[in-house]
Number of protein chains: 2
Amino acid sequence: MTRKSGDASRSTIRDVAARAGVSASTVSRVLGGEYPVSAATRGRVMRAVRELDYVADARAKAIAGVGTPTLAFVLEDITGPSFAHMAHGVEREATRLGHLCLVCSTEGDVRHELEFVEMMRAQRAAAVILVGGTADTPEYRERTHRMADSLASAGSRLVLCGRPPLDPGAPVTVIEYDNEGGAYTLVAHVLAQGHRRVLYLGGRTDHTTALGREHGYLAAHRARGLDPDPSLVLHGDFTRDSGHRLTQQALKDGLEFSAVVAATDMVAAGALTALHEAGLTVPGDVSLAGYDDIPFARDLHPALTTVHVPYEELGRLAVRTALERTPGAPDEHLLLGTHVVVRDSVGAPPAR
Amino acid sequence: MTRKSGDASRSTIRDVAARAGVSASTVSRVLGGEYPVSAATRGRVMRAVRELDYVADARAKAIAGVGTPTLAFVLEDITGPSFAHMAHGVEREATRLGHLCLVCSTEGDVRHELEFVEMMRAQRAAAVILVGGTADTPEYRERTHRMADSLASAGSRLVLCGRPPLDPGAPVTVIEYDNEGGAYTLVAHVLAQGHRRVLYLGGRTDHTTALGREHGYLAAHRARGLDPDPSLVLHGDFTRDSGHRLTQQALKDGLEFSAVVAATDMVAAGALTALHEAGLTVPGDVSLAGYDDIPFARDLHPALTTVHVPYEELGRLAVRTALERTPGAPDEHLLLGTHVVVRDSVGAPPAR
DNA sequence: TCCGTCATGGGAACCGGTTGCTACGGTGTT
DNA sequence: AACACCGTAGCAACCGGTTCCCATGACGGA
């Protein structure tokens, strides 16, 4: 079991050259590929490489203009299941295409987002993928437009993944999925069971993902000629605690409803627990639906009816469209569809 | 709303120097910090920097020996909740310490792991963190020992996070948590309720995490003078589908048990659904416990009794110990404790 | 008024690679 | 035997930064 004696410090191409008795250029050419080198020389070089356990410095190669650039993605928090799936898609596709991935989480802080994008620009990342919804304000559009320009001028590219598009003219690739459409279909399904008072557990009022789903909720009502009671639309965030708290509060306030539609499965999970705690059965007393179709949705009891979002596909597409883009091409904007997964948590309202 | 006209290509420090009418060294000094530069010069340089939207190339800085190196972590699959939490801890701590993070997922393929570590070495990463359990074979130890040497000789460092330690002598930092101890306490708790036939839903038989927990299961029995029926120990993987399938099979096979202990919460979730599908109540007919304390555990019905593992802390510690290590110091090996979280899924066995 | 000193900025070498161009030695041709 | 040609390897310049070392000019003191 001979083990290479730990050479104190990383060795350079010149060390290898010296050991093989050739010049650095020759080593580079042996390792690099195409250039003709005699078998004897190649052998000596390869042996020196092995003996020194040499690996060329990827950053030096990058600077010299060879080697694949890295890819960066920025998200709010990797522990959210839907974020994790997007991240997974991004990572897999990047790896498949031979790129390494830089990742950072902003913890929802816009300043961090700006800092990170600046760092990615310094890294000369091939593309920067911003993952997940956000508050869609004029300030957001302005700031993000600047990022896009700034990245574009550095030869990189901004990709918005599950995030609202900017004003036309911004050099940006957008991959979205249909929040409103999914919510519309889901709520239509709930209404079709006969429910008339449907509690909506939404997210922050300025958050695009939350808002899109809320619009779908409203649109589904109006399509049926219904006018939803505004007091049935509650706002929190996308955590299970928010769902839990909001539902407890609604129950305590004596709000009348026969179904709950949550903005995410996480929220639905918290809501379910709150309903159980109040002694209500699902879907006997109250129906419940979520959004995202995270793996756990089917293990809730009852199994959760929800909207499936192709998160992983979203991430993969973000990478592919960004990387395979031809520089002059027009900006792309993809909108992925979703579909409802009917399980056991939605039933007819109780007879009164 | 003036927007900088997208300068076709990234600008270099020499472009900035030319525009400011100074030399590249001066620009470097203005940006770099300490060296005294007159206010007038500084002003001209800063203006040029702003006008060109210049950011120094981080890779060039890295090569020149300044700038913080990046940190790399390698895991099996970011979508697993416990992996995601470790990743989160790693990322947060790295960011706090001013490092960027490279991430890659191996999808459980050892070859990918090797390739990635080689790439990280080429990137001159400050440390490479290998996350999550694995098969602990002689081949694993040999291979990983080689990685550790190889990274050490490149001035980097290997960190094993939630992964079995190597033979002494390998230059490696190990941060583990106590799988056996947690399982021991958990199973002791179950046995204390009066259960005598406890089904164990384990992972792959060579996987250290799965094995540690299995040992805890056995040890808890023996500590009570019990001799667990080997047919009650089942093996699958760490997915909810595995828990679902194994439980269905156990039920179909007519296995007798009054409690189920799953190797992870995901497995427990699948088991719970299978139990419900069979018309069994939890914990009335069968008690159930998991391991990991993922956020969803409390939203299962009944809320899952499980073992809390400080995954995020684990990731943070991995980064901190690796980065704050003084080069000559002895190798560290930390073992974090776990604790049982008692919820509603474990009760007394049914009277017979 | 002359000289020493200090503040400031530039030139050049270096970090670790790649690659265009050139020089050298050996062979095949006439 | 002289010449051209080709295969091979090395020198040097470059990628985009940093930093050591030195030159210059302004200033204050004797």
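We name chains A, B, ... by the order of the sequence lines, and we start the count at 1 in each one. Since this is a predicted model, take the numbers as computed values, not measurements.
The residues B:Glu142 and B:Arg146 are annotated as salt-bridged, a charged nitrogen and a carboxylate oxygen being separated by less than 4.0 angstrom. Taking the charged nitrogens against the carboxylate oxygens, A:Asp331 and A:Arg157 do have a contact shorter than 4.0 Å, which makes a salt bridge. With salt bridges taken as basic N to acidic carboxylate O contacts below 4.0 Å, one links A:Glu312 and A:Arg316. A salt bridge does not link A:Arg59 with B:Asp57: every distance from a Lys NZ or Arg NE/NH1/NH2 to an Asp or Glu carboxylate oxygen is 4.0 Å or more. Salt bridge annotation for A:Arg325-A:Glu332: absent, with no cationic side-chain nitrogen under 4.0 angstrom from a carboxylate oxygen.
Side-chain atoms of A:Tyr54 do not come within 3.5 Å of backbone N or O of A:Asp15 as any donor-acceptor pair. A donor-acceptor distance shorter than 3.5 angstrom exists from the side chain of A:Thr321 to the backbone of A:Leu317, with no hydrogens or angles considered.
Across all strands, A:Ser28 comes closer than 4.0 Å to base atoms (heavy-atom distances).
With hydrogens and angles left out, the side-chain atoms of A:His112 and A:Glu76 include no donor and acceptor closer than 3.5 Å.
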Spell out protein contact along nucleotides 5-13 of chain C as letters: B when the base is contacted, S when just the sugar-phosphate is, - when no protein heavy atom is under 4.0 Å; keep the 5' to 3' order. ---BBBBB-

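Once you apply a 4.0 Å limit to the heavy atoms of chain A, the touched nucleotides of DNA chain D run 5' to 3' over D:dT8 to D:dG17.
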